[in-house]
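Below: the structure, in structure tokens.
Lettering of chains follows the sequences in order, A, B, ..., and the numbering in each one begins at 1.
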There are 2 protein chains.
Amino acid sequence: MDPVRRPRGRPRKSVLLEPAALGPRRGLHDQAAERLRGLIVEGTLSAGSALVETELSAALGISRTPLREALKLLAVEGLVELRPNRSPRVAELQADAVTELFEAIAAIERAAAELAATRITHAELERLRRLQTEMEAHHAARDLGPYFALNQQIHALIVACARNTPLREAHDALHARAEIARRRALDSRARWDESVAEHRAILAAIEAGDAAGAGRLLSDHVGHTGTALLAGLARHAAA
Amino acid sequence: MDPVRRPRGRPRKSVLLEPAALGPRRGLHDQAAERLRGLIVEGTLSAGSALVETELSAALGISRTPLREALKLLAVEGLVELRPNRSPRVAELQADAVTELFEAIAAIERAAAELAATRITHAELERLRRLQTEMEAHHAARDLGPYFALNQQIHALIVACARNTPLREAHDALHARAEIARRRALDSRARWDESVAEHRAILAAIEAGDAAGAGRLLSDHVGHTGTALLAGLARHAAA
DNA sequence: TTTTCGTGCTCTGCATGCAATTGATGCCAA
DNA sequence: TTGGCATCAATTGCATGCAGAGCACGAAAA
């Protein structure tokens, strides 16, 4: 008689982890990391909550192995706090951490803008102009959602135009945490007019090939965003 | 009769993974990552070589699970290249990647120096001066090894004095790859005198609280190091 | 009443088993 | 010979089992 051959079928997929039919079929750990990143950023998994491997893996419809790999990735990104022999937790975002975070982003984007000002291609510059125009349109129409999406695309495009992979990766790694802060501040339209004007100035500096100027302007812009956000968080915490 | 109860003892520890009796006993994945990082940086695991899970885990005396976790970490650091359903490989370090790498490090250290110039404490400044003196002594004595160690300590200390965790983490992440480049260039004493002088100027700027100056000087210094290293790599490749 | 120790339970950390993917090899037909 | 196809072996990816760490709860001692 054969040894029992239980079908060790993979767990049923839950709603939390759908195929999405993306291009290159990545491993479950990768998908899980992305999904969890989203859940943490959007606040479904609230800061400080424990991430119990068994529960989470069941919820995602995967086993603990790829889940653990995903959690380790998120720990590197600073979204999750790993404690030896204890459940990992969603990292808390302290006020001073937000300050540091935007300082770091400002530093990276400054360098990126400087490089981009000398390396950007015509096509990219054209695209940047188009994004700026679109963003201004959404600003005029007071469409906060699309405005934000465009805003982020612009920042990402500038970083991409720097053609420096480590810089871009560092930027990406900080992005999720910045997004959390943004969501928590809520009253994101505080600095709206100012921000749009700053973006226009940044674009002008890049167009002019003024590396130092573009860097300084973008750095300041990010800095302003950071302090405005911090104020928003404080107001939000007070309420 | 009972089902066979093989003792599922952990594999015998190999020479490659010794306890080291460090402070907080971290998990095997963490130790493995550190060990592998070292092996890759020092060149024992040469660029491009395949990292077969079974072999490596046997060599390290651990099972595949923590090893896989370690490999994922190293992939994030850019030391290892992960390919779906294929053996991971030790990442190759292309010339243009080195350029980008030092550009990124220069950007981060510039920001760090600017922050450090305003945030450094007396004690830290004292320590920085002491490191500089020691380093100059090793330079005078032509002790390359100790000189290098001090050099790195100085850079690390400046970054630490910026009191910005994300910036420091980004710096750490790039460090291993820079170290690989350094080792491969070999003729590291090319720019030796110049480098020591630059360090002195950087220290002076920080002492003077000249943030912009310190940033510019450190950024240039790293840039110079990068180009010198690149030249060294080219010479080395030609031979 | 407070402290200490023990007991049990839950959860992580690690090892290992099974299946699916991939590259290699050999065979056959054109 | 060369192109296409089936098969095989190697290796990853994932699931799961087992042991031990840590916490909660409660009983016993001070």
**Main-chain N/O of A:Ser87 paired to A:Arg83 side chain as donor or acceptor, under 3.5 Å** = yes

**Gap between atom CG of B:Leu79 and atom CG of B:Leu73 - 0.5 Å precision** = 10.5 Å

**Request:** Identify the heavy atoms of A:Gly48 and A:Arg89 that sit nearest to each other, and give their distance.
**Result:** O-NE, 3.7 Å

**Request:** Provide, to the nearest angstrom, the distance between the CG atom belonging to B:Leu71 and the P atom belonging to D:dG13.
**Result:** 10 Å

**Message:** Can you tell me which residue among A:Arg64, A:Arg86, A:Lys72 is in a salt bridge (charged side-chain N to carboxylate O under 4.0 Å, His left out) with A:Glu53?
**Reply:** A:Arg64

**Message:** Keeping B:Asp143 on the side-chain end and B:Pro146 on the backbone end, is there a donor-acceptor pair under 3.5 Å?
**Reply:** no

**Fill in**
In whole angstroms, the gap separating P of C:dG13 from CD of B:Gln31 amounts to 13 Å

**Prompt:** If you check the B:His29 side chain, which of D:dT16, D:dA21, C:dC14 turns out closest?
**Reply:** C:dC14

**Asked** Rounded to whole angstroms, how far apart are CG on A:Asp30 and C1' on D:dC14?
**Response** 15 Å

**Fill in**
Atom CZ of B:Arg26 and atom P of D:dA21 are separated, to the nearest Å, by 18 Å

**Exceeds 12 heavy-atom contacts within 6.0 angstrom, atom CZ of B:Arg163** = yes

Mind listing the N/O atom pairs, protein and nucleotides 5-7 of chain C, below 3.5 Å?
none

**Asked** Whole Å only: how far is the CG atom of B:Leu28 from the P atom of D:dA19?
**Response** 17 Å

**Asked** Distance check: side-chain N/O of A:Ser63 vs OP1/OP2 of D:dA15, anything under 4.0 Å?
**Response** yes

**Fill in**
B:Leu56 CG to D:dT12 P, in whole Å, measures 9 Å

**Request:** Report yes if at least one side-chain N or O of B:Arg68 is closer than 4.0 Å to OP1 or OP2 of D:dT12; otherwise report no.
**Result:** no

Grab the N/O contacts between the protein and nucleotides 8-11 of chain C below 3.5 Å, and write none if there aren't any.
from   : atom 1 : to      : atom 2 : distance (Å)
C:dC11 : O3'    : A:Ser87 : OG     : 3.2

**Request:** Mind calculating the distance between CG (B:Leu82) and P (D:dT11) to the nearest angstrom?
**Result:** 16 Å

**Distance (rounded to the nearest 0.5 Å) between A:Leu101 CG and A:Arg177 CZ** = 5.5 Å

**Item:** Pair A:Glu109, A:His221: side-chain N/O donor-acceptor within cut-off below 3.5 Å
**Value:** no

**Asked** Under 3.5 Å, is there an N or O donor on one side and an acceptor on the other linking the side chain of A:Arg83 and the base of D:dG22?
**Response** no

**Request:** Tell me which of B:Arg64 and A:Asn85 sits closer to the 5' end of DNA chain D, going by the nucleotide each one is nearest to.
**Result:** B:Arg64

**Fill in**
A:Ile62 CD1 to D:dT16 P, in whole Å, measures 12 Å

**Minimum-distance pair of heavy atoms, taken over all atoms of A:Ala112 and A:Leu167** = N-CD2, 4.2 Å

